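Notes for the one structure printed next.
All ligand and atom numbering here is 1-based and tracks the order in the structure. Only heavy atoms go into these numbers, but all of them, side chains included; no hydrogens, no water, no symmetry mates. Every value quoted in this text rests on a predicted model; they were computed, and no experiment measured them.
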Amino acid sequence: MSSLTEKDRPIVQLLLSSGTCPRCILRFCCVGSQTLYRRPYKDLMKDLKEFLKNNEEKEDTVCFDVVDPPCKRIRLEHTEEGSDDLNHNGALQQIPPLNNENTATENSAVKVCNVCLGILQEFCEVDFVKKVCQKVNSADYQFTSFVFSVSLPPQLSVRECAAWLLVKQEMGATACPDCFKPAKNKQSVFTRMAVIKALEKIKEEDFLKHFPCPPSSPKNLCVPLEIQCNNGAVFVAGRYNKYSRNLPQTPWIIDGERKLESSVEELISEHLIAEFKADSFNFSSSGREDVDVRTLGNGRPFAIELVNPRRIHFTAEEMKGLQQTINKSSDKIQVRDLQLVTREAIGRMKEGEEEKTKSYSALIWTDKAIQEEDIAFLDDIKELKLDQKTPLRVLHRRPLAVRCRIIHTMKAEYIDEHHFRLHLKTQAGTYIKEFVHGDFGRTKPNIGSLLNRTADILELDVESVDVDWPPTLDN
Ligand code: ZN
């Protein structure tokens with residue numbers, strides 16, 4: 001027991017006699033080496049007793065650091081003290097007692113620790129670790145790293161506090177108060193926070209009136225409520241084309257009623273969800289098009305977050321296969337450049353979106369007849385500044401404002417006396433339909449005002465979204 005020194009001897013003595021387990025004792029003595037905690041309970045108990053007899057120094061062993069992020073959660077809850085029925089709650093699962101050879105001191109059963117309720121006893125031994133491993137294996141996840149996190153019963157904080165007070169009072173120890181800050185836990189519910197808050201506020205003498213110090217020895221081991229597995233999200237990006245004028249980008253649901261049977265995000269995601277065995281997805285894209293607008297050219301960049309995927313390893317070849325599956329499944333959409341990306345990379349799709357340019361093609365109708373020369377002047381207009389008041393059709397979801405947008409270039413293609421096609425390169429965020437018909441004068445200038453006619457838009461296609469992400473793949 002190399003990490004304990006002479007000054008720890010009275011603390012070890014006191015805690016051991018009050019029913020505290022060896023690993024808790026190590027914590028209260030501020031032993032930082034993980035190696036020690038990994039040793040079997042039986043050995044630790046033997047060593048502590050040895051230590052009390054004789055404080056010989058031994059070689060300390062190497063401390064291994066844990067490297068990876070959080071995923072696995074275990075919730076432990078303590079049943080009523082004195083209750084014999086550990087299974088009174090259907091959700092609780094009793095852990096079968098461990099083999100004596102793994103745990104107990106020579107021939108007596110392990111006394112449940114009065115501080116950790118046995119979490120650092122049985123749940124740190126091989127049998128319970130095996131149980132967790134089984135759960136993880138049966139959940140059938142692909143992963144390269146993992147974090148094991150434990151959600152503890154709130155009363156542990158109280159017991160921890162009582163034990164610390166004991167050490168402080170009896171020993172007058174002032175060392176390492178930082179070791180015993182209540183564990184912050186994201187999963188916490190009100191009760192847990194309340195306990196921690198109360199412990200922060202309560203005066204030591206008041207605490208002692210309400211809680212035995214040292215904490216009483218519990219009759220029951222606390223029981224693991226559930227072992228949950230979660231995998232970090234995986235991100236897939238690509239570009240999509242939309243060839244339908246009857247397909248929204250996201251599900252179109254009004255008052256709980258579905259207006260159109262599918263959407264771009266669903267046509268793409270359903271295949272990803274199945275292959276990655278994910279729970280759900282979040283779709284994002286570089287802008288969006290109206291339900292009746294097609295997206296042609298190289299398509300629109302998109303990214304999909306796959307939540308809690310079981311499968312995460314895909315070769316480039318497999319991603320290509322997945323892309324083919326998506327493309328074969330529908331003639332309304334096509335995807336390209338489908339690839340795995342990092343969460344950070346997705347930011348590149350969104351950043352500077354306002355400065356990006358987009359190219360469109362619009363089929364325009366005019367009320368009065370036009371000749372080719374009537375529209376030729378449009379080709380000479382460069383960097384045309386527009387004032388666009390929020391369009392009437394989006395006013396219910398966008399704030400009313402006047403936005404300045406720029407039409408970089410235009411090219412008119414004469415069709416007949418009442419129709420022409422206009423190719424435009426614009427600043428992202430320009431409302432093209434409104435630029436054509438004027439939206440009752442809310443967009444100025446507009447094609448109608450420029451031609452001195454009433455103009456309307458019959459069809460609109462996105463020809464390109466000039467965002468150089470995700471990287472182009474040669475497929
Ligand atoms: Zn303990």
With a 4.5 Å cut-off on side-chain heavy atoms, are [Y] and [X] touching?
X	Y	answer
R159	N114	yes
F123	V132	no
H313	T144	yes

Greater than 12 external heavy atoms within 6.0 Å of E270's CD: yes
At a cut-off of 2.8 Å, protein N/O/S around the Zn ion (ligand 1) gives C21 SG, C24 SG, C113 SG, C116 SG
### Message
For the backbone of R27 and the side chain of Y37, can you confirm whether one donor and one acceptor N or O come within less than 3.5 Å of each other?
### Response
yes
Do the charged groups of D47 and R39 touch, with an N to O distance under 4.0 Å?
yes
